[in-house]
Chemist: 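Below are the structure tokens for one structure; questions will follow.
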Number of protein chains: 2
Amino acid sequence: MLTTMSTSLHHRAVEHLGTRIVGGKLPSGHVMLAEHLEDELNVSRSVVREAVRVLQSLGLVETIKRVGIRVLPAHRWNPFDPLVIRWRLAGDGRGAQLRSLAELRSAVEPVAAELAAANAPDSMRRELLEIALAMRDAGRSGDMPRFLDLDIRFHALVLSGSGNEMFANLIGQVTETLTGRTVHGLMPEHPKEAALQWHLDVAHAIGSGDAGKAREASMRIMKETIADLEPTWQGQPRVFVPVDRR
Amino acid sequence: MLTTMSTSLHHRAVEHLGTRIVGGKLPSGHVMLAEHLEDELNVSRSVVREAVRVLQSLGLVETIKRVGIRVLPAHRWNPFDPLVIRWRLAGDGRGAQLRSLAELRSAVEPVAAELAAANAPDSMRRELLEIALAMRDAGRSGDMPRFLDLDIRFHALVLSGSGNEMFANLIGQVTETLTGRTVHGLMPEHPKEAALQWHLDVAHAIGSGDAGKAREASMRIMKETIADLEPTWQGQPRVFVPVDRR
DNA sequence: GAGTTTTGATGTCAGCACACATCGGTGTCA
DNA sequence: TGACACCGATGTGTGCTGACATCAAAACTC
């Protein structure tokens, strides 16, 4: 070994192969040999095999005896795996991935708000209102970094307050779309006053247990968010996977 | 080796550990040693290590030097991974898992119907209508196995027709809730006439590109489905994960 | 108590035996 | 002579093992 490694060889191998497959450099159907990967990555068989096993569990490759390690088509990948999402966001698939995430979020958050209104513990309802108020202040004063941070916490709290662990798990990916919107300069100098009010509406509705209102207000936020982000993925073709192919 | 193996040792090891962790037999914080696992499973280090690596990528365990392999708390698991879902459905978590899936589905399908109305290829729209009509026939004549099959295909087609690969990936899990409803005797002798009509409404709305109507009709189906399934998870406590803990 | 050494676990390597799908050669039959 | 079935060689993933590296907790020294 020449280099002292910051990350483990295993981690690097997974990352190396994952980015190349998801990024499209290794196309679907491409076959690799374990031995070849050893040379390419300068690691031993154990490292390659453990990495391939992980990629296999993500649906990125399959191993076939006497043939090698074959790259699977994109529709076999697990689109909910954090690694796959990260790799897609880092490569060509960024636009399509952001659209998928935004659509997922626009579907989930209103229902999460509904559930939070029905089920969230009081402490979360209180915190939600505090954050919404702080968002209004930060938004009006144009403190955008603080606004972004509060925005993330707000939506994370709605998802978490739903009491649905699948919803709560989307927090990381919501964070990605929110920061993405800011990074790509898609946020105005000041957030719209209406948007600030909608966040307060959500907080109040959840606070008072009004599921219908919470959903409605959340949907308005989602519509606005989608409209803001749309330029990011414009022109990206949609993919329709035949249902029989799992 | 004594036994000829039907499934690979790797597969068996992943399954063995996964079911025990998700099933709660190995509680959060429990520490195992790789060597101990070798003895327990009667497999070699490579098998154990590769299995542990896969479980690590699912968020079920972490490996710590000088300590061992530690089971992670449930909120660290990837709730979207097919393996995790399957293990939860097979164990104590079945009720909570079904609720999560049903809620996710009730959030996603109306939006998927909306998107399908806007984007689905014509062939899918046509097939959707055919299936909805066939569902009506099967429903009225009380051919429930055929109805279930058509129902699955219908909802799979809506999800797939959205052109969102994350939605399309939920097909398998939707199948689980639909078959679960039938298996648990939660379906009436004949599906309600209204439900049959709602499916036709969705198909027609998507066929004619009416996104709003598609969403509305889909939401009605979802409300009904949730109501049907609710007994399955009654009394299951909700879990609220603090937002700061990832 | 702070710094150092020891210890024990995972991480990594390399070589081997085995199972098995594929391919090509051989034999048989028409 | 040609078509077809059989069969063994080959290559590659699967699994096992012994050895060493690495690193952090724990024990020890001062």
Chemist: Suppose we screen for salt bridge (charged side-chain N to carboxylate O under 4.0 Å, His left out). Which residues come up paired with Arg181(B), at least two apart in sequence or across chains?
Modeler: Asp151(B), Asp228(B)
Chemist: Counting only side-chain N and O atoms of Arg66(B), is one of them less than 4.0 Å from OP1 or OP2 of dT22(D)?
Modeler: no
Chemist: Residues two or more places apart in sequence or in another chain: which of them pass salt bridge (charged side-chain N to carboxylate O under 4.0 Å, His left out) with Arg70(A)?
Modeler: Glu62(A)
Chemist: Let me know the distance between CG of Leu9(A) and C1' of dC23(D), rounded to the nearest Å.
Modeler: 14 Å
Chemist: Any ring-ring contact (aromatic ring centres under 6.0 Å, His included) involving residues 148-173 of chain A? Give me the pairs, sequence neighbours left out, ordered by first then second residue.
Modeler: Phe154(A)-His199(A), His155(A)-His199(A)
Chemist: Using whole Å, what does the distance between atom P of nucleotide dT12(C) and atom CG of Leu37(A) come to?
Modeler: 16 Å
Chemist: Determine yes or no for a side-chain-to-main-chain donor-acceptor pair under 3.5 angstrom, with Ser106(B) supplying the side chain and Glu103(B) the backbone.
Modeler: yes
Chemist: Please report the distance, rounded to the nearest Å, between CD1 in Ile69(A) and C1' in dG13(D).
Modeler: 8 Å
Chemist: Take the protein atom CD of Glu38(B) and the nucleotide atom P of dG15(D), then report the distance between them rounded to whole Å.
Modeler: 14 Å
Chemist: Sequence neighbours left out, what pairs pass ring-ring contact (aromatic ring centres under 6.0 Å, His included) with at least one residue falling in residues 77-109 of chain A?
Modeler: Phe80(A)-Phe80(B)
Chemist: Which part of the nucleic acid, if any, lies within reach of Arg70(B) when heavy atoms closer than 4.0 Å are counted: base, sugar-phosphate only, or nothing?
Modeler: nothing
Chemist: Which sits closer to the 5' end of DNA chain C, His10(A) or Gly68(B), going by the nucleotide each is nearest to?
Modeler: Gly68(B)
Chemist: Using the rule side-chain hydrogen bond (donor to acceptor under 3.5 Å, both in side chains), only one of Arg99(A), Arg88(A), His75(A) pairs with Glu165(B); which is it?
Modeler: Arg88(A)
Chemist: Just compare dC13(C), dA9(C), dT12(C) and give me whichever is closest to any side-chain atom of Val43(A).
Modeler: dC13(C)
Chemist: Send over the distance from Leu41(B) CG to dG15(D) P, rounded to a whole Å.
Modeler: 13 Å
Chemist: Which atom pairs link the protein and nucleotides 15-18 of chain C when you take only N or O atoms and keep those under 3.5 Å?
Modeler:
unit_1	atom_1	unit_2	atom_2	d
dC16(C)	N4	Arg45(A)	NH1	2.9

Chemist: Return the value, rounded to whole Å, for the distance between atom CE of Met32(A) and atom P of dG13(D).
Modeler: 10 Å
Chemist: Within the pair Ser44(B) and dC16(D), is there a side-chain N or O less than 4.0 Å away from OP1 or OP2?
Modeler: yes
Chemist: Looking at residues at least two apart in the chain, or sitting in another chain, which of them share a salt bridge (charged side-chain N to carboxylate O under 4.0 Å, His left out) with Glu176(B)?
Modeler: none
Chemist: If I take atom NE2 in residue His36(B) and atom P in nucleotide dA9(C), what distance separates them, rounded to the nearest angstrom?
Modeler: 13 Å
Chemist: Which ones in residues 55-63 of chain B lie close to DNA chain C, meaning a heavy atom under 4.0 Å from one of its atoms?
Modeler: Thr63(B)
Chemist: Taking distance alone, no hydrogens or angles, what donor-acceptor pairs closer than 3.5 Å link side-chain atoms of residues 31-38 of chain B to residues at least two apart or in another chain?
Modeler:
none

Chemist: Under the salt bridge (charged side-chain N to carboxylate O under 4.0 Å, His left out) test, which residues partner Arg105(A), sequence neighbours left out?
Modeler: Glu109(A)
Chemist: Can you check the Asp39(A) CG to dA14(C) P distance for me, whole Å?
Modeler: 11 Å
